[in-house]
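Have a look at the structure below, then the notes.
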Amino acid sequence: MTSGFFIAFEGGEGAGKSTQTELLSKRLTGEGFSVVVTREPGGTLTAEKIRSVLLDPTITDMPDQAEALLFAAARADHAANLIRPALENGSIVICDRYLESSVAYQGYGRNLGGTYIRELSEWATQGLLPDITVYLDVPAQVSLDRRKGTDRMEIQSLDFHMQTQQAFRDLAKNSQVAHIIIDATLPIDEIAQLISDAVIAELKSR
Ligand code: T5A
């Protein structure tokens, strides 16, 4: 059993997840909550080391299966060593990407199978799911225009990113986890207000 509250942010490249996780953290901290901001892949020593392999653009021959297992391995460590302990301490955990990124990118983008990839992550995290997911919906072309770098995932084709975007949209509509769906082409401040209003309402209703 956990006593904190787990918020995941999902969406394509450059959707504004890092921007919005920081803004939500400031707002919730201002309201007096204890907040932990983290990201995937990453968040712990082991998971950050795995991240550097996963995003290394000089690695051009990684099999899709190895990629999927590395994302799941990073998530297993992150869930066990950071997210679950923070929730048990009563904190709000805000995570920039989580399980749905694997379903969208590895399950659909890489065609490894959404159900299989979900089950792999659920096994890796011993069933740790967010209380709520904020999905920032942004067209794939806008994503690519906003991108900052050229990491191993970002350099995939527009088709790949369109497939992941459709998968994210389907997940947001059909998931059993509550989703706040936001048009990520709106101005940054407007998005921040929509998210904090929805999250605070959810926290008050608990
Ligand atoms: N991945 C990840 C998988 O394949 N499987 C998995 O299981 C997981 C967890 C992670 C990569 O790994 C993949 C997905 C990714 O390809 P990353 O660096 O963490 O790599 O990638 P992103 O999460 O995409 O990080 P980005 O920093 O690229 O995107 P963000 O965080 O969504 O966007 P942000 O906030 O940095 O903003 C990007 C730019 O857009 C502007 C910002 O100012 C910034 O310049 N911006 C806006 N501009 C206009 N209007 C708005 N509303 C804007 N919001 C932000």
Side-chain angles (χ1 to χ4, degrees), residues 8-26 37-44 47-48 50-57 59 62-79 82-83 94-112 114 116-125 128-130 133-158 160-165 167-168 171 182-195:
F9 274 69
E10 299 282 9
E13 318 291 314
K17 298 175 298 300
S18 313
T19 305
Q20 295 298 336
T21 51
E22 286 305 326
L23 290 172
L24 180 62
S25 168
K26 277 190 194 143
V37 178
T38 187
R39 69 171 180 182
E40 289 210 346
T44 58
E48 289 290 335
I50 296 172
R51 177 188 176 93
S52 67
V53 172
L54 278 164
L55 301 188
D56 183 344
I59 299 176
M62 187 186 296
D64 294 345
Q65 290 79 1
E67 177 184 293
L69 289 167
L70 285 173
F71 275 114
R75 183 162 301 124
D77 191 75
H78 189 212
L82 189 150
I83 301 176
I94 304 176
C95 189
D96 183 345
R97 295 194 181 278
Y98 193 63
L99 185 150
E100 287 183 5
S101 284
S102 285
V103 178
Y105 284 80
Q106 282 65 56
Y108 291 93
R110 300 293 195 209
N111 279 313
L112 294 177
Y116 182 72
I117 293 296
R118 172 181 294 282
E119 285 172 1
L120 178 65
S121 264
E122 287 188 1
W123 173 78
T125 62
L128 181 63
L129 293 176
T133 295
V134 178
Y135 169 53
L136 296 178
D137 186 22
V138 68
Q141 187 58 60
V142 176
S143 280
L144 293 181
D145 292 343
R146 281 189 197 168
R147 75 184 162 191
K148 290 175 282 192
T150 51
D151 72 45
R152 205 181 59 84
M153 300 304 293
E154 283 176 328
I155 58 178
Q156 301 303 316
S157 67
L158 178 61
F160 174 87
H161 289 292
M162 287 175 79
Q163 258 172 295
T164 62
Q165 181 204 17
F168 274 128
L171 287 165
I182 303 279
D183 174 357
T185 63
L186 291 170
I188 289 173
D189 290 353
E190 205 173 313
I191 294 172
Q193 190 67 47
L194 289 169
I195 295 171

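Every number for a ligand or one of its atoms is a count from 1 in the order of the listing.
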Measure R39 to ligand 1 on non-hydrogen atoms and call it side chain, backbone, both or neither using the 4.0 Å cut-off. neither
Contact check, Q20 vs ligand 1, heavy-atom distance below 4.0 Å: no
Mind checking whether I117 and F71 have side chains closer than 4.5 Å, heavy atoms only? no
I'd like to check which ligand 1 atoms, numbered from 1 as shown, lie under 4.0 Å from a non-hydrogen atom of Q106. 3 (C), 4 (O), 5 (N), 6 (C), 7 (O)
Measuring from atom 7 (O) of ligand 1, which candidate in A104, A192, S102 has the nearest non-hydrogen atom? S102
Measure the acute angle between the ring planes of F168 and Y105, then classify it against the limits of 30° and 60° as parallel, tilted or perpendicular. perpendicular
Please state which part of L186 comes within less than 4.0 Å of ligand 1, counting heavy atoms only: side chain, backbone, both or neither. backbone
For E154, the ligand 1 atoms whose distance to one of its heavy atoms is below 4.0 Å: 28 (O)
Under 4.0 Å from any heavy atom of G14, which atoms of ligand 1 are there? 24 (O), 26 (P), 28 (O), 29 (O), 30 (P), 32 (O), 33 (O), 38 (C)
Are Q165 and D137 close enough that some pair of their side-chain heavy atoms sits under 4.5 Å apart? yes
If we set the cut-off at 4.0 Å for heavy atoms, which region of R51 has an atom near ligand 1: side chain, backbone, both, or neither? side chain
Indicate yes or no: at least one non-hydrogen side-chain atom of T125 is less than 4.5 angstrom from one of H78. no
Indicate whether any N or O donor in one side chain lies under 3.5 Å from an N or O acceptor in the other, for T21 and D96. no
Hey, does P41 come in under 3.5 Å of ligand 1, counting only N/O atoms on both sides? no
Between D189 and Q193, do the side chains contain an N or O donor and an N or O acceptor separated by less than 3.5 Å? no
Closest candidate by heavy atom, reference atom 50 (N) of ligand 1, pool R146, R97, Q156, R110: R146
Close-contact set for ligand 1 against I191 heavy atoms, below 4.0 Å: 52 (N)
Provide the number and element of each atom of ligand 1 under 4.0 Å from a heavy atom of T19. 34 (P), 35 (O), 37 (O), 55 (C)
Do L171 and R118 make a side-chain contact, defined as non-hydrogen atoms from C-beta onward lying under 4.5 Å apart? yes
Quick check: do R146 and E13 have side-chain heavy atoms less than 4.5 Å from each other? no
Can you confirm whether N111 is buried at CG, in the sense that more than 12 heavy atoms of other residues, nucleotides or ligands lie under 6.0 Å from that atom? yes
Within-4.5 Å side-chain heavy-atom neighbours: M153 and L54: no
With heavy-atom distances below 4.5 Å as the criterion, would you say the side chains of V37 and L24 are in contact? no
Give the atom numbers and elements of ligand 1 that come within less than 4.0 Å of a heavy atom of S101. 5 (N), 6 (C), 7 (O), 8 (C), 9 (C)
Assess G11 for proximity to ligand 1: is some non-hydrogen atom of it under 4.0 Å away? no
Going by the atom numbers of ligand 1, which of them fall below 4.0 Å from some non-hydrogen atom of S18? 27 (O), 30 (P), 31 (O), 35 (O), 36 (O)
In ligand 1, which numbered atoms sit nearer than 4.0 Å to a non-hydrogen atom of A184? 52 (N)
May I ask you to identify, for E40, whether its side chain, its backbone, both or neither come under 4.0 Å of ligand 1 on a heavy-atom basis? both
A student comparing M153, K17, R75, E190 should find that the heavy atom closest to atom 25 (O) of ligand 1 comes from K17
Pick one of side chain, backbone, both or neither for how E67 approaches ligand 1, counting any non-hydrogen atom pair under 4.0 Å. neither
Between E154, H161, Q156, which is the residue that forms a side chain to side chain contact (heavy atoms under 4.5 Å, CB included) with L144? H161
